[in-house]
Amino acid sequence: MATFSQLTVDKGSDSVIDFCCSPCLEHKTVQWAEFYCDNCLKFYCAKCINLHGQLFGKHVTYGRGETSKWPVSKEVEDVIRKCDLHEDKLLEMFCDKHSQLCCTNCVRRNHRKCAKVTLMSESVKGPPPDLQQLSRRIKTILVELQTLQIKLDTNMKSLDASYNKQVLEICETRQKINAILDNMEKATIKDLDDKMKILKAALKTDSDKCSKLKHELTCLSDAIHDIINKSEFELILIASNKCMERIKQSQTLKENSVQVDSSLTFQADRDLQEYLSKLSSLGNVSYPGQVFAVQGLSMYNMSIQSDRGICGIAGICALSSDQILVANNERVKLLDHEYQVVGHCDLSAYAKDMCVITPSEVAVAVNNYQNKDKTGGVQFVFVNDGQLIKGKILLFQHSCNGIAHSHKDLYVTSGTALYKYSMSGYPLKKLYEDTSGDRTVHKCAVSPSGDKIFITNPSQDKVLTLARDGSVLHTLTDPDLRALQGIHATDLGLVLVCGKNIIQLDGEGRKKLATLITTGAEYDRVNPLLVFYNKSTATIIVGLSSCDILVLPVK
């Protein structure tokens with residue numbers, strides 16, 4: 001392949017990349033190349049090509065009218081060869097099992113057990129893919145993404161308009177009742193603000209993903225244009241795989257993007273004046289598509305050969321890099337995209353629960369059953385380049401059954417009490433306590449805004465919603481809330497609870513929205529212990545007592 005240099009300059013609002021004259025560059029002068037010599041493998045400007053022609057009259061040169069015979073630029077080759085997950089690595093291998101392009105890091109982390117991982121040079125067999133067809137398909141996808149982004153932007157504006165309209169209606173409703181509604185009005189508008197923030201954040205995330213995919217597809221489209229008529233079969237194969245992956249991501253984004261097809265609504269209570277003293281808000285703020293619809297079910301086993309005994313899943317977390325962590329027994333395990341264990345680290349005590357702290361760090365609530373004083377702690381674990389590394393550990397003078405993190409504070413349950421700690425382990429407050437049973441404060445979760453704390457009470461089959469100060473806002477009982485275990489607050493502000501059944505609650509913990517799974521005889525031996533919603537894959541993951549997880553795609 002030819003050696004060359006390139007230059008990036010701004011012309012108006014466009015960035016132009018072109019080849020530079022090789023002899024001029026040797027003399028530290030930047031000059032656009034007008035010709036390429038197939039014999040010298042160098043580029044020449046209009047001036048240097050004359051001298052070259054005098055010296056090498058028989059050499060074959062191609063001008064700008066024949067750029068299809070010029071070599072692929074380094075910029076284009078870098079766009080194609082760069083690994084999407086590890087930007088400092090180049091794609092050098094191909095996994096036949098997963099049909100995935102891999103760098104050395106990818107192979108080490110996700111494909112070590114794959115039977116056939118070959119070098120790219122060995123994978124170039126048969127006729128190359130039809131890049132012309134791919135190019136046409138990319139253009140179609142770009143149009144669809146542009147349409148989707150316009151829709152997302154329109155939805156965001158519609159959300160603003162509906163928000164303003166509902167605020168006005170709330171204020172109009174407020175004017176019909178007496179002065180006692182001052183505090184209730186503020187509470188309702190705050191509820192609306194929370195829903196607004198949740199939806200806008202979700203829309204912005206999808207809009208950002210849309211912009212990123214548009215940029216990546218545009219770069220790939222430009223790159224494909226440069227290699228369509230060349231014999232760079234490795235680049236063509238890589239480009240084809242990259243294009244198909246981006247197209248797949250585009251389809252997933254279109255199917256799973258947040259939809260706000262109708263306005264936020266505020267339903268005023270007609271009997272407000274009569275029941276004023278019993279109400280805590282002016283009405284309910286809601287938005288469409290709140291109830292999950294389960295689309296299927298798959299089960300995966302989390303045990304590895306060196307596990308000691310069978311112990312159920314105690315914690316599930318998803319990191320920003322879409323890596324999944326599970327905790328069970330005395331271990332935290334790292335999963336690949338097919339929910340296979342690819343790494344683990346050992347803990348010094350039994351894991352009871354787990355929550356995300358940073359994009360690469362989790363906190364694990366642990367208990368030492370050999371200690372008769374029933375003390376527990378919190379073990380921090382980092383993920384670095386596919387490796388699990390233990391960090392600091394905090395020790396407490398009580399059991400640690402559940403854990404949640406919000407606004408740089410830790411919330412830990414002991415079985416009968418809920419404690420609030422700083423990240424350094426400093427005790428801030430005992431927020432709530434119920435000593436009427438052994439499991440009255442079992443697991444906990446915190447709303448995205450941090451203003452509500454949800455706890456499960458298996459002793460009495462109920463879910464409690466607490467304010468920041470620990471006061472009880474709501475108590476929910478329902479026939480489906482049986483053998484309660486885990487609880488999880490989603491990014492969209494909804495609450496999932498598991499026990500004998502998987503239940504979806506509203507963002508207040510005030511009412512049941514749906515029973516997603518009713519566990520029958522087939523699950524009697526494998527009771528759900530915890531539940532987690534992974535927004536990036538639109539799946540609900542359920543940890544079972546049998547060291548298995550259930551993965552439920554949802555809409």
Side-chain angles (χ1 to χ4, degrees), residues 294 297-318 324-335 339-341 344 346-347 349-355 362 364-370 374 376 379 399-404 413-415 437-445 454-463 480-488 495-504 515-534 539-552:
V294 177
L297 184 151
S298 301
M299 181 181 287
Y300 301 89
N301 185 261
M302 298 292 101
S303 61
I304 58 178
Q305 187 174 4
S306 58
D307 281 348
R308 290 175 290 183
I310 298 177
C311 189
I313 305 300
I316 299 175
C317 287
I324 303 294
L325 296 180
V326 298
N328 78 301
N329 209 330
E330 295 178 318
R331 282 179 168 164
V332 175
K333 299 173 181 177
L334 177 66
L335 310 184
Y339 302 101
Q340 301 299 309
V341 179
H344 72 274
D346 292 335
L347 306 172
Y350 286 88
K352 297 295 292 181
D353 201 1
M354 182 167 61
C355 68
V362 296
V364 186
V366 295
N367 274 339
N368 187 353
Y369 290 115
Q370 297 178 353
K374 295 183 178 181
Q379 173 72 67
S399 298
C400 295
N401 292 340
I403 188 169
T413 62
S414 66
D438 293 333
R439 301 173 72 218
T440 55
V441 187
H442 186 49
K443 301 291 185 179
C444 65
F454 309 99
I455 60 175
T456 56
N457 181 339
S459 295
Q460 300 169 10
D461 289 335
K462 61 185 181 182
V463 174
D480 285 345
L481 295 174
R482 297 182 295 118
L484 286 177
Q485 292 288 342
I487 190 165
H488 173 65
V495 179
L496 298 173
V497 188
C498 73
K500 281 293 184 183
N501 307 304
I502 309 300
I503 309 294
Q504 182 180 347
T515 299
L516 303 178
I517 293 181
T518 300
T519 56
E522 59 180 311
Y523 296 111
D524 283 346
R525 295 177 291 104
V526 287
N527 294 327
L529 299 181
L530 59 92
V531 60
F532 177 84
Y533 175 66
N534 187 0
T539 55
I540 294 175
I541 306 176
V542 182
L544 304 178
S545 59
S546 59
C547 200
D548 297 295
I549 62 171
L550 296 178
V551 178
L552 315 173

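Note: hydrogens, waters and symmetry copies are ignored here, and every other heavy atom, side chains too, is used.
- The shortest non-hydrogen separation linking L544 to M299 is CD1-CE, 3.8 Å.
- A distance of 9.5 Å separates CD1 in I502 from OG1 in T518, rounded to the nearest 0.5 Å.
- Remark: H344 pairs with no residue by the ring-ring contact (aromatic ring centres under 6.0 Å, His included) rule, at least two apart or across chains.
- Paired with I487 under the rule side-chain contact (heavy atoms from CB on, under 4.5 Å), one option of V463, V531, L530, L496 passes, and it is V463.
- Not counting sequence neighbours, the partners of S303 by the side chain to side chain donor-acceptor pair (under 3.5 Å) test are N301.
- For D461, the side chain to side chain contact (heavy atoms under 4.5 Å, CB included) criterion is met by no residue, not counting sequence neighbours.
- Scored by the side chain to side chain contact (heavy atoms under 4.5 Å, CB included) test, L529 finds Q485, S545 as partners (sequence neighbours excluded).
- No donor-acceptor contact under 3.5 angstrom links the side chains of T456 and R439, judged on distance only.
- Here D480 pairs with D478, N501, I503, K512, T515 under the side chain to side chain contact (heavy atoms under 4.5 Å, CB included) rule; sequence neighbours left out.
- Of all heavy-atom pairs spanning G402 and C444, the tightest one is C-SG, 4.2 Å.
- A side-chain N or O of N328 and one of K333 form a donor-acceptor pair less than 3.5 Å apart.
- Checked against side chain to side chain donor-acceptor pair (under 3.5 Å), D353 has no partners two or more places apart in sequence or in another chain.
- Applying side-chain contact (heavy atoms from CB on, under 4.5 Å) to K462 and the options N457, T440, I455 leaves one that passes, N457.
- Looking at every heavy atom in both residues, Y339 comes nearest to T539 through OH-OG1, 4.0 Å.
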| side chain to side chain donor-acceptor pair (under 3.5 Å) between D548 and S546, intermediate numbers included | CA-CA 5 Å; D548 297 295; S546 59; 2.7 Å; yes

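- Closest non-hydrogen pair, P528 versus V542, comes out as CB-CG1, 3.7 Å.
- The two atoms that bring E330 and Y350 nearest to each other are OE2-CE1, 3.8 Å, heavy atoms only.
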